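To start, the structure itself, in C-alpha cells.
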Amino acid sequence: MSTRNREIHLASRPQGWPTADNFRLVETDVPTPGPGQIVVRNRYMSVDPYMRGRMNDVKSYVPPFALDAPLDGGAVGEVVAGEAGGLRPGDTVLHGLGWREYALLDAKAARKVDPDLAPVTAYLSVLGMTGLTAYAGLLDVAGMKPGETVFVSAAAGAVGSLVGQIARLRGAGRVVGSAGSAAKVERLRALGFDAAFDYHDGPVRDSLKAAAPDGVDVYFDNVGGDHLEAAISAMRVHGRAAICGMIAQYNDTEPPAAPRNLALVIGKRLTLRGFLVGDHGHLRAEFVREMAGWLRDGKVSYDETVVDGIENAPEAFLGLLRGENLGKMLVRV
C-alpha cells in the first residue's frame with residue numbers, strides 16, 4: 001500500500017463551460033482510519049452530468065463542491081485498512097468519495113458488493129445509481145404503461161440507453177431516442193430502439209415528428225431545452241415527462257431560449273415531474289432483482305467509456321459534457 005495519495009480538487013468555479021484550469025491534482029498522505037472508519041483504494045470512479053451543477057456556488061438539492069478540496073462522487077474499490085461495520089481489508093465496496101486514489105470514510109457510508117456476481121464497474125452503472133435512475137424514472141415517475149410510445153433524449157448515455165431497453169422489456173409500443181452522432185444512432189438501433197435520430201441533423205421537433213408520427217406518451221428528459229420543447233409538442237393528451245437532467249443548459253450563462261411552448265401543458269393535461277434517484281430507494285431490491293435477471297439472460301446491454309488515471313479525471317468529465325462517451329463514463333483510478 002502506497003503512503004501517498006492523489007486527488008482532484010476544485011481550483012476555481014467555472015464560468016460557463018469548465019476547463020482544465022478549474023481542477024488541480026493534489027498529492028497528500030494516505031489517511032489513517034479511526035474508530036468506525038475504513039480506507040478504500042479506489043479502482044473506478046464515476047463522472048456524471050449532475051456534478052457540473054455542484055461546481056457552482058448556488059443552493060441546490062445537494063451542497064456545492066468546496067474550493068480547494070477534493071470533489072466527490074460514486075466510486076468502487078477495495079478496503080485496504082480498518083475493520084468496522086462488518087467490513088474488512090479485501091472487501092470490495094461502493095461509496096461516494098471518488099476523485100481520489102484513497103478514500104477515508106465511515107464504514108456505514110460504504111456498501112459491500114460482490115465482484116464475482118458482476119464486473120465491479122456494473123455497480124457504478126447498470127446495477128447502481130445509473131440503472132436505478134432509469135428504472136425508477138421510467139416506471140415510477142413517468143408511470144409508463146404497455147403499448148405506450150416513449151421518447152428518450154441523450155439516449156446513448158448511461159441512463160438513456162437503459163431507459164430505452166427497460167421500456168421495450170416492459171412492453172412499450174414504440175421507443176424513440178435522440179443522440180449526438182451517427183455512430184450513437186446506430187448503437188441505439190442495435191439496442192432495440194424502434195427509431196433514433198441525430199439531433200445535429202435538423203430541428204429536434206421535425207426529427208421527433210418523423211420518428212413518432214402518432215405522438216409520444218412518455219418523455220424521459222436528460223437534456224431539456226429544444227428537446228423538452230419538441231417533446232411537449234409531440235405529447236399526447238395526459239402525456240408524462242420524467243425530468244432527470246437538463247445537460248443542454250448546465251453550462252449556459254444566459255437563460256435558456258426553450259421551451260417556449262409550456263402553455264401546451266395546460267390543454268394537453270401533461271405531467272412534467274422532476275425527480276431525484278435518492279427518493280426511490282424503496283425500489284432498489286426490486287430493481288436489482290429484475291435487472292440482474294435481464295443481464296443474466298442477455299436481454300440488457302450496457303456500454304462503458306473508460307479513461308485511465310486519476311490525473312485524467314477532469315478530462316473525462318469535460319469529455320462527458322462534450323458527449324464523447326458511449327454509455328457510462330468511468331475513470332480507472
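Every heavy atom of this structure was used, including side-chain atoms; hydrogens, water molecules and symmetry mates were not. These numbers come from a predicted model, not from an experiment.
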Test Phe275 against Cys244 for side chain to side chain contact (heavy atoms under 4.5 Å, CB included), laying out the working first.
CA-CA 6 Å; Phe275 75 101; Cys244 179; 3.7 Å; yes
Apply side chain to side chain contact (heavy atoms under 4.5 Å, CB included) to the pair Val120 and Tyr44, showing each step before the final yes or no.
CA-CA 8 Å; Val120 293; Tyr44 292 89; 3.9 Å; yes
Report the C-alpha distance between Ile38 and Asp106 in whole Å, list the side-chain angles of each, state the deciding distance to 0.1 Å, and finish with yes or no for side chain to side chain contact (heavy atoms under 4.5 Å, CB included).
CA-CA 6 Å; Ile38 56 173; Asp106 291 337; over 6 Å; no
Mind running side chain to side chain contact (heavy atoms under 4.5 Å, CB included) on Val176 and Val150 for me, showing each step along the way?
CA-CA 6 Å; Val176 176; Val150 177; over 6 Å; no
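For the atom pair Trp99 CH2 and Met45 CE, the distance stands at 4.5 Å (nearest 0.5 Å). Taking CG of Asn22 as the start and NE2 of His9 as the end, the distance is 15.0 Å to the nearest 0.5 Å. Distance CZ/Arg52 to CG/Leu318: 10.0 Å, rounded to 0.5 Å. To the nearest 0.5 Å, the span separating CZ on Arg269 from CG on Leu264 amounts to 12.0 Å. For the atom pair CZ (Phe197) and CG (Leu188), the distance works out to 10.0 Å, reported to the nearest 0.5 Å. For the atom pair Leu67 CG and Arg24 CZ, the distance stands at 9.0 Å (nearest 0.5 Å).
Heavy atoms from other residues, nucleotides or ligands lying under 6.0 Å from NZ of Lys209 number 12 at most. With a 6.0 Å radius and a threshold of 12 heavy atoms from other residues, nucleotides or ligands, Glu286 has its CD atom above the threshold. Atom CZ of Arg13 is surrounded by more than 12 heavy atoms from other residues, nucleotides or ligands within 6.0 Å. Arg205 CZ: 12 or fewer foreign heavy atoms inside a 6.0 Å radius.
When side chains are defined from C-beta on, Leu71 counts as touching Phe23, because their heavy atoms get closer than 4.5 Å. When side chains are defined from C-beta on, Phe65 counts as touching Met51, because their heavy atoms get closer than 4.5 Å. The side-chain heavy atoms of Pro70 and Ile8, taken from C-beta on, include no pair separated by under 4.5 Å. When side chains are defined from C-beta on, Val93 counts as touching Val79, because their heavy atoms get closer than 4.5 Å. No side-chain heavy atom of Val26 sits less than 4.5 Å from a side-chain heavy atom of Arg6.
The backbone N or O of Tyr102 sits less than 3.5 Å from a side-chain atom of Asn5, completing a donor-acceptor pair. At distances below 3.5 Å, at least one donor-acceptor pair connects side-chain atoms of Gln165 with backbone N or O atoms of Ser301. Using a distance-only test at 3.5 Å, with no hydrogens or angles considered, no donor-acceptor pair links the side chain of Asp217 to the main chain of Gly239. Using a distance-only test at 3.5 Å, with no hydrogens or angles considered, a donor-acceptor pair links the side chain of Tyr123 to the main chain of Asp114. The backbone N or O of Met235 sits less than 3.5 Å from a side-chain atom of Lys268, completing a donor-acceptor pair. Using modelled atom types, one side-chain atom of Thr133 and one backbone atom of Met129 make a donor-acceptor pair closer than 3.5 Å. Although no hydrogens or angles enter the test, the distance criterion places a donor-acceptor pair under 3.5 Å between the side chain of Asp91 and the main chain of Arg88. Panel note: side chain Asp48, backbone Tyr50; no donor-acceptor pair is recorded below 3.5 Å. Checked by atom type and distance alone, the side chain of Lys108 never pairs as donor or acceptor with a backbone atom of Gly36 at under 3.5 Å.
No hydrogens or angles considered: nothing links the side chains of His227 and Glu229 as a donor-acceptor pair under 3.5 Å. Side-chain N/O atoms of Ser181 and Asp198 include no donor and acceptor closer than 3.5 Å. For Ser153 and Tyr219, the side-chain atoms include at least one donor-acceptor pair closer than 3.5 Å. Inspection of the Asn42 and His95 side chains reveals an N or O donor paired with an N or O acceptor under 3.5 Å. A donor-acceptor contact closer than 3.5 angstrom links the side chains of Thr130 and Lys328.
Leu326 and Tyr302 are assigned to two separate hydrophobic clusters, defined by single-linkage of ILVMFWY side chains at heavy-atom distances under 4.5 Å. Linking ILVMFWY residues whenever their side-chain heavy atoms come closer than 4.5 Å, directly or via other members, leaves Val163 and Val185 in distinct clusters. A single hydrophobic cluster is not seen to contain both Val237 and Phe151; linkage of ILVMFWY side chains at heavy-atom distances under 4.5 Å, directly or through other members, places them apart. A single hydrophobic cluster is not seen to contain both Val80 and Leu105; linkage of ILVMFWY side chains at heavy-atom distances under 4.5 Å, directly or through other members, places them apart. Taken together through direct or relayed side-chain contacts under 4.5 Å among Ile, Leu, Val, Met, Phe, Trp and Tyr, Val113 and Leu132 form part of one hydrophobic cluster.
Salt bridge Glu290/Arg170: present, at least one basic N to carboxylate O contact under 4.0 Å. The pair Asp72-Arg54 meets the salt-bridge criterion, with a side-chain N (NZ, NE, NH1 or NH2) lying under 4.0 Å from an Asp/Glu carboxylate O. Using a 4.0 Å cut-off between charged nitrogen and carboxylate oxygen, Asp303 and Arg187 count as a salt-bridge pair. Taking 4.0 Å as the cut-off between side-chain N and carboxylate O, Asp194 and Arg189 do not count as a salt-bridged pair. For Glu27 and Arg4, the salt-bridge test passes: some basic side-chain N is under 4.0 Å from an acidic carboxylate O. Classification of Arg332 and Glu304 as a salt-bridged pair fails, no side-chain N sitting under 4.0 Å from a carboxylate O. Taking the charged nitrogens against the carboxylate oxygens, Asp214 and Arg174 have no contact shorter than 4.0 Å, which rules out a salt bridge.
In summary, of the residues considered (Arg168, Arg240, Arg236), a salt bridge (Lys or Arg N to Asp or Glu O under 4.0 Å) with Glu148 occurs for Arg240 alone.
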